[in-house]
Amino acid sequence: MTVRLDEKLQPIYQDVLRRNPGEDEFHQAVHEVLESLGPVLAKYPEFAEHKIIQRICEPERQIIFRVPWEDDRGETHINRAFRVEFNSALGPYKGGMRFHPSVYLGIIKFLGFEQVFKNALSGMPIGGGKGGSDFDPKGRSESEIMRFCQSLMTELYRHLGEYTDVPAGDIGVGQREVGFLFGQYKRITNRYESGVFTGKGLDWGGSRARKEATGYGTVIFVNEMLKARSDSLDGKKCVVSGSGNVAIYAMEKAMQHGAKIIACSDSSGVVIDEQGIDLDLVKRIKEVEHRRISVYADEKKKARYIEDGDVWAVPCDVALPCATQNELNGKNAKKLVEQGCIAVGEGANMPTTPEGVRIFQDAGIAFGPGKAANAGGVATSALEMQQNASRDSWTFEHTEERLEEIMIDIHRRCFETADEFGSPGNYVVGANIAGFIRVGRAMVAMGLV
Ligand code: GLU
């Protein structure tokens, strides 16, 4: 890490390194937040006095457990699962579950840590947590996935509750998996506790616009950043990484704003379609057929598919990284800047490396960090919890309107906070400080717990 921390923060970071060995992603997420906090400690000495930063870097509870399950041939498999209950100062732990072979404690901790600030920034009454497993859903049948989810929940249920810990989806966990997990929770507890899970199906307590919310919110945030510079998305060329849930609905909203999407990707390669990506085709390939994005170029003769291609090498005005952590590095950032990119909105969590972020900021690009730009997903989860608590179900229009208000408010708060703390236009600083102050104040108010 090249940026020096404030001298009060340096020993706190050293302690995080020492106590969490080998957890690179967690170190990276903590360092990025601490880089912003120097001016906060100077202005509010009570945070240092109450050791709020040390406390915020230590999860309240970490659960690690074995998940045994049987595949379709009768062979036994053992996976490891996690739930890191990071901070409950503002509400029940809230954050998704990720199923991906790369999952280990360091990834879940980085995600849980980010979630604390993101959820605070959303203005909703939710704390932060995250979970997941190193289970790889790729190539698994639906019954294997169901058995895995049931086995995982047979342990996890005891830690959950609508007032305690409320999971949702993330990479590898969509509505189907949420259904299997919620079903097993209901069976074990004998309670129809809708508010214990979000991202549910519309027939069984889900919220309209939840599926769209993360991608839509990211684009609303980007449009707000552009508006602050007297610009808009209209007529802009966009490149989106990924082609999962976040990417698909980021593309949809960007198109509604008059942008043209010219490329998207998956972990195998990149699709470039200069005519503008056909979103109905992407939805069919990804949401209905669950196939690779390469199929797109088989069906659209004017599109190109580049196996192992680099999506950030495609010239664009706006880049939306919507795939996974550290997918956009310094070299990619430099290329994007050189080719005229003016705005970046992170739909994924921590997709840009610290070097990449610095290159964007030095170039004066509008850069929206994930914990602000992609907060629309979890904010709409909080709206789902609200509907569940009142046994209500809102229209798509009403829910989307609420999402839009929330995103505009997050943007305004980041913008004003960055200004107030001497870093005008720096949304990373604005998001970190605004999120931190809200959680920190609640922690001070609740005493040493
Ligand atoms: N996994 C999503 C995120 O990174 C959503 C979490 C939720 O809805 O609880 O924010």
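In each ligand, atom 1 is the first atom listed, and ligand 1 is the first ligand listed.
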Run through all N or O atoms in ligand 1 and write down each protein N or O closer than 3.5 Å, as a pair with its distance.
unit_1: ligand 1; atom_1: 1 (N); unit_2: K130; atom_2: NZ; d: 3.1
unit_1: ligand 1; atom_1: 1 (N); unit_2: G169; atom_2: O; d: 2.9
unit_1: ligand 1; atom_1: 1 (N); unit_2: D170; atom_2: OD1; d: 2.8
unit_1: ligand 1; atom_1: 4 (O); unit_2: K118; atom_2: NZ; d: 3.0
unit_1: ligand 1; atom_1: 4 (O); unit_2: K130; atom_2: NZ; d: 3.1
unit_1: ligand 1; atom_1: 4 (O); unit_2: N349; atom_2: ND2; d: 3.0
unit_1: ligand 1; atom_1: 8 (O); unit_2: R210; atom_2: NH2; d: 2.9
unit_1: ligand 1; atom_1: 8 (O); unit_2: S381; atom_2: OG; d: 2.6
unit_1: ligand 1; atom_1: 9 (O); unit_2: K94; atom_2: NZ; d: 2.7
unit_1: ligand 1; atom_1: 10 (O); unit_2: Q115; atom_2: NE2; d: 3.1
unit_1: ligand 1; atom_1: 10 (O); unit_2: K118; atom_2: NZ; d: 2.8

- For R412, the side-chain hydrogen bond (donor to acceptor under 3.5 Å, both in side chains) test, sequence neighbours excluded, returns D409, E416

- Message: Using the side chain to side chain contact (heavy atoms under 4.5 Å, CB included) criterion, which residues pair with N426? Sequence neighbours excluded.
- Response: Q361, S423, V428, V429

- Note on the structure: Rounded to the nearest 0.5 angstrom, the CD-SG distance for E224 and C414 is 11.5 Å

- L105 and F82, any side-chain heavy atoms less than 4.5 Å apart: yes

- Considering only heavy atoms from C-beta outward, does the side chain of E25 approach that of Y104 to under 4.5 Å? yes

- Do any pairs count as a ring pair (Phe, Tyr, Trp, His ring centres under 6.0 Å) and have a residue in residues 150-177, sequence neighbours left out, and if so which ones? none

